[in-house]
Student: 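Dropping the structure in here first, questions after.
Convention: sequence-line order gives letters A, B, ...; per-chain numbering from 1. These numbers were taken from a predicted model, which means no experiment stands behind them.
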Protein chains: 2
Amino acid sequence: MTVMQTTTAAPTQQPDRTPADICSAPPRRHPRPEGQDHYTISEVVAFTGLTAHTLRWYERIGLMSHIDRSHTGQRRYSNRDLDWLDFVTKLRLTGMPVADMVRYAELVREGETTYPDRRELLEQTRRDVVSRIAELHDTLSVLDRKISFYETGGN
Amino acid sequence: MTVMQTTTAAPTQQPDRTPADICSAPPRRHPRPEGQDHYTISEVVAFTGLTAHTLRWYERIGLMSHIDRSHTGQRRYSNRDLDWLDFVTKLRLTGMPVADMVRYAELVREGETTYPDRRELLEQTRRDVVSRIAELHDTLSVLDRKISFYETGGN
DNA sequence: TATGACCTTGGAGTGCACTCGAAGCAAGCG
DNA sequence: CGCTTGCTTCGAGTGCACTCCAAGGTCATA
């Protein structure tokens, strides 16, 4: 894939505008440093594994806030957008419905006053994940019982 | 190594008619003993939590083999059917597509010669479950990081 | 300047796993 | 006998999360 260079490097990027957007960012190394983070949609496809269709759809439904555009209207994703996508991907792995993720995104956009709501939402999600893990362990033991049956009886 | 029934055994439990149908049955206590296990669909709904529609649909797509009928054509589910539904529910929890479950059901119907295929299918499923659990643990740590951020910064 | 890969949009389509509806038959009860 | 409840069938509808399409504009390289 030809990684297009985004030569439109904004010279004056003010440092760290909204810490509320990505709270407690994970230890991720970004492909490019702040100031040069103007990724095309195909670059983001390469980084995240999501399709371009899905990325545009996320934006349309409000799961991502408005993405910067080049002077010709093409999307230019930032490092923060990448962080957000990482987080969203994690949430998706938990089985959280997209509508709930949108709800969370809205809370983020509303600012710091929604910290308690966000925490509650994440804690509920956490509980769901924990019980999901328990379910899977349970399933695992059923599978193991059957597999050991087939191992001894089936060969 | 056949798994023995664990404790509180039913008084007159028949010695395992068709081992091919439910291999290595889980330690489940049935609502009624063998011989009286002719459950109506609404009873099965109560036991399993599935809807009557779903139960009929399972039968239609081949996820369940033919269910016994009363003289008037109504379904009468057996204890073995209940066991199978339990197992299917477990498989569903793993996220296995229904088509794959149908494939497994077909293998069961084909008899003992498919033991190796069944084992392979279950082992693949097991691998999927294990990696899913790992993913969820990963997600859990991300959630915990964010939650602790909101705990300290958000109140 | 021309090529071809890449980008834009809104809306329509897909696949999965149910979920429901309509029309009709059968059993039990006052 | 009428009523209610529960069962039957097939086929159509739902909700989710994408996924794709058509028509057209943009961009770097030859």
Student: Check every atom of C/dT8, D/dT8, C/dC18 against the side chain of B/Thr54 and return the nucleotide holding the closest atom.
Tutor: C/dC18
Student: Are side-chain N/O atoms of A/Tyr104 and A/Asp117 paired as donor and acceptor at under 3.5 Å?
Tutor: no
Student: Quiz question: by atom type and distance under 3.5 Å, do the side chains of A/Asp81 and A/Ser78 form a donor-acceptor pair?
Tutor: yes
Student: For a quick test of reading the model: is some side-chain N or O of B/Thr72 closer than 4.0 Å to OP1 or OP2 of D/dT8?
Tutor: no
Student: Please give, in whole Å, the distance from D/dT26 P to A/Arg76 CZ?
Tutor: 13 Å
Student: When the distance from CD1 of A/Ile61 to P of C/dG11 is rounded to whole Å, what number comes out?
Tutor: 16 Å
Student: Would you say the side chain of A/Val98 lies within less than 4.5 Å of the side chain of A/Met101, judging by non-hydrogen atoms?
Tutor: yes
Student: For D/dC7, take OP1 and OP2 only and decide whether either is under 4.0 Å from a side-chain N or O of B/Thr40.
Tutor: yes
Student: Using atom CH2 of B/Trp57 as one end and atom C1' of C/dA17 as the other, report the distance to the nearest whole Å.
Tutor: 5 Å
Student: Should A/Ser42 be listed as having a side-chain N or O under 4.0 Å from OP1 or OP2 of C/dC7?
Tutor: yes
Student: In whole angstrom, what separates A/His71's NE2 from C/dC7's P?
Tutor: 14 Å
Student: Quick one: on DNA chain D, does A/Val98 or B/Ile41 contact a more 5' nucleotide (nearest heavy atom)?
Tutor: B/Ile41
Student: Suppose we call a contact any N or O donor and acceptor under 3.5 Å apart; does that hold for the side chain of A/Arg60 and the base of C/dG11?
Tutor: yes
Student: Looking at B/Arg56 and B/Glu59, is there a salt bridge between them, counting it only when a charged N and a carboxylate O are closer than 4.0 Å?
Tutor: no
Student: Could you check how far CG of B/Leu55 sits from C1' of D/dT9, rounded to whole Å?
Tutor: 16 Å
Student: Output yes when at least one side-chain N/O atom of A/Arg92 is less than 4.0 Å from OP1 or OP2 of D/dC18, else no.
Tutor: yes
Student: With a 4.0 Å cutoff (strictly under), does any side-chain N or O of A/Tyr58 reach OP1 or OP2 of D/dA17?
Tutor: no
Student: With a 4.0 Å cutoff (strictly under), does any side-chain N or O of B/Arg69 reach OP1 or OP2 of D/dT9?
Tutor: yes
Student: In whole angstroms, how far is the C1' atom of D/dC16 from the CG atom of A/Asp100?
Tutor: 12 Å
Student: Calculate the interatomic distance between A/Arg75 atom CZ and C/dC7 atom C1'; express it in whole Å.
Tutor: 9 Å
Student: Whole-Å distance between D/dA17 P and A/Met96 CE?
Tutor: 11 Å
Student: For the base of C/dC18, is there a side-chain donor-acceptor partner from B/His53 under 3.5 Å away?
Tutor: no
Student: Check whether any side-chain nitrogen or oxygen of B/Arg56 sits under 4.0 Å from OP1 or OP2 of D/dG6, and answer yes or no.
Tutor: no
Student: In plain terms, say whether B/Arg127 and B/Glu120 are close enough for a salt bridge, that is, a side-chain N and a carboxylate O under 4.0 Å apart.
Tutor: yes
